[in-house]
**Student:** 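Have a look at this one before I ask anything.
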Amino acid sequence: MLTRFTRKAMNIIRNIPEGKVLTYGRAAVLAGKPNGARQISRLLHSMSEKYDLPWHRVINSKGKISLKPSQGYELQKALLESEGIRFSKNDTIDLRLYLWQVSFFNTP
DNA sequence: CCACTGACTACTT
DNA sequence: CAAGTAGCCAGTG
């Protein structure tokens, strides 16, 4: 049984457009739980495949990929770059350019 | 119900 | 800037 928060979060993540990203924290806020960032990561980890979520479009608040090398890092970076996202020298994504700007999201 | 775990974050050193 | 810390809360056993 999934919580309302979890379902809402999945819905939001599914709607991240190509070439844009969301941070764990932002996704949590949009799903209605400002402190639910860790649940977002759990979601992605456990059901990104089952529910066909664009898990690679979610990164941490510093604009970096949270996965470790050989644990999915390379794959995520490749997927993002294939959508046109450019990484800075220090391997960070410029959130000013790529953060999905959504002021409201309507899902009951 | 309790304990433990995290692909997190904001704040302090 | 890097490293440490306290708070966070759904899932799991």
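Proteins get letters first, then strands, A, B, ... in listed order; numbering begins at 1 in each. Computed from heavy atoms alone, side chains included, the values below leave out hydrogens, waters and symmetry copies. Since the structure is predicted, the reported quantities are computational estimates derived from the model, not experimental observations.
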**Student:** If I compare all heavy atoms of A/Ile40 with all of A/Tyr24, which pair ends up nearest, and what's the gap?
**Tutor:** CG1-O, 3.6 Å

**Student:** Starting from P on B/dA7, measure out to CG on A/Leu22 and report it in whole angstrom.
**Tutor:** 19 Å

**Student:** Rounded off to whole Å, could you give me the NE2-to-P distance for the A/His45 and B/dC8 pair?
**Tutor:** 11 Å

**Student:** Classify the nucleic acid contact of A/Thr6 as base, sugar-phosphate or nothing, counting any heavy atom under 4.0 Å across all strands shown.
**Tutor:** sugar-phosphate

**Student:** Roughly how far apart are A/Ile13 CD1 and A/Arg57 CZ, rounded to 0.5 Å?
**Tutor:** 11.0 Å

**Student:** For A/Lys62 and B/dA10, what is the distance between atoms NZ and C1' respectively, to the nearest whole Å?
**Tutor:** 10 Å

**Student:** Go through the N and O atoms of the side chain of A/Arg42 and the base of B/dT5, and report whether any donor-acceptor pair is under 3.5 Å.
**Tutor:** yes

**Student:** Under 4.0 Å, counting only non-hydrogen atoms across every strand here, what does A/Gly25 touch: a base, just sugar-phosphate, or nothing?
**Tutor:** sugar-phosphate

**Student:** Without decimals, in angstroms, what is the distance between A/Asn60 CG and B/dA7 P?
**Tutor:** 12 Å

**Student:** A/Lys68 has an atom NZ; how far is it from atom P of B/dA7, in whole Å?
**Tutor:** 7 Å

**Student:** If the C1' atom of C/dG13 is compared with that of B/dA7, how far apart are they to the nearest Å?
**Tutor:** 22 Å

**Student:** Return yes when atom NZ of A/Lys20 has more than 12 non-hydrogen atoms of other residues, nucleotides or ligands closer than 6.0 Å, and no otherwise.
**Tutor:** yes

**Student:** Which sits closer to the 5' end of DNA chain C, A/Lys64 or A/Leu2, going by the nucleotide each is nearest to?
**Tutor:** A/Lys64

**Student:** I need the CE-P distance between A/Met47 and B/dA7, as an integer number of Å.
**Tutor:** 15 Å

**Student:** Starting at CD1 of A/Ile40 and ending at P of C/dC9, how long is that distance when rounded to a whole Å?
**Tutor:** 13 Å

**Student:** Are OP1 or OP2 of B/dA10 and a side-chain N or O of A/Ser61 less than 4.0 angstrom apart?
**Tutor:** yes

**Student:** Over how many whole Å does the gap from A/Trp55 atom CH2 to B/dG6 atom C1' extend?
**Tutor:** 17 Å

**Student:** Measure from the side chain of A/Lys33, starting at C-beta and using heavy atoms only, and say which of B/dA7, C/dA10, B/dC8 lies closest.
**Tutor:** C/dA10

**Student:** If the cut-off is 4.0 Å, is A/Ser66 near the phosphate of B/dC8, judged by side-chain N/O to OP1 or OP2?
**Tutor:** yes

**Student:** Quick check: any donor-acceptor pair below 3.5 Å linking the side-chain of A/Arg38 to the base of C/dG11?
**Tutor:** no

**Student:** Rounded to the nearest 0.5 Å, how far apart are OG1 of A/Thr6 and CG of A/Leu43?
**Tutor:** 5.0 Å

**Student:** State the OG1-OH distance between A/Thr92 and A/Tyr98, to the nearest 0.5 angstrom.
**Tutor:** 11.0 Å

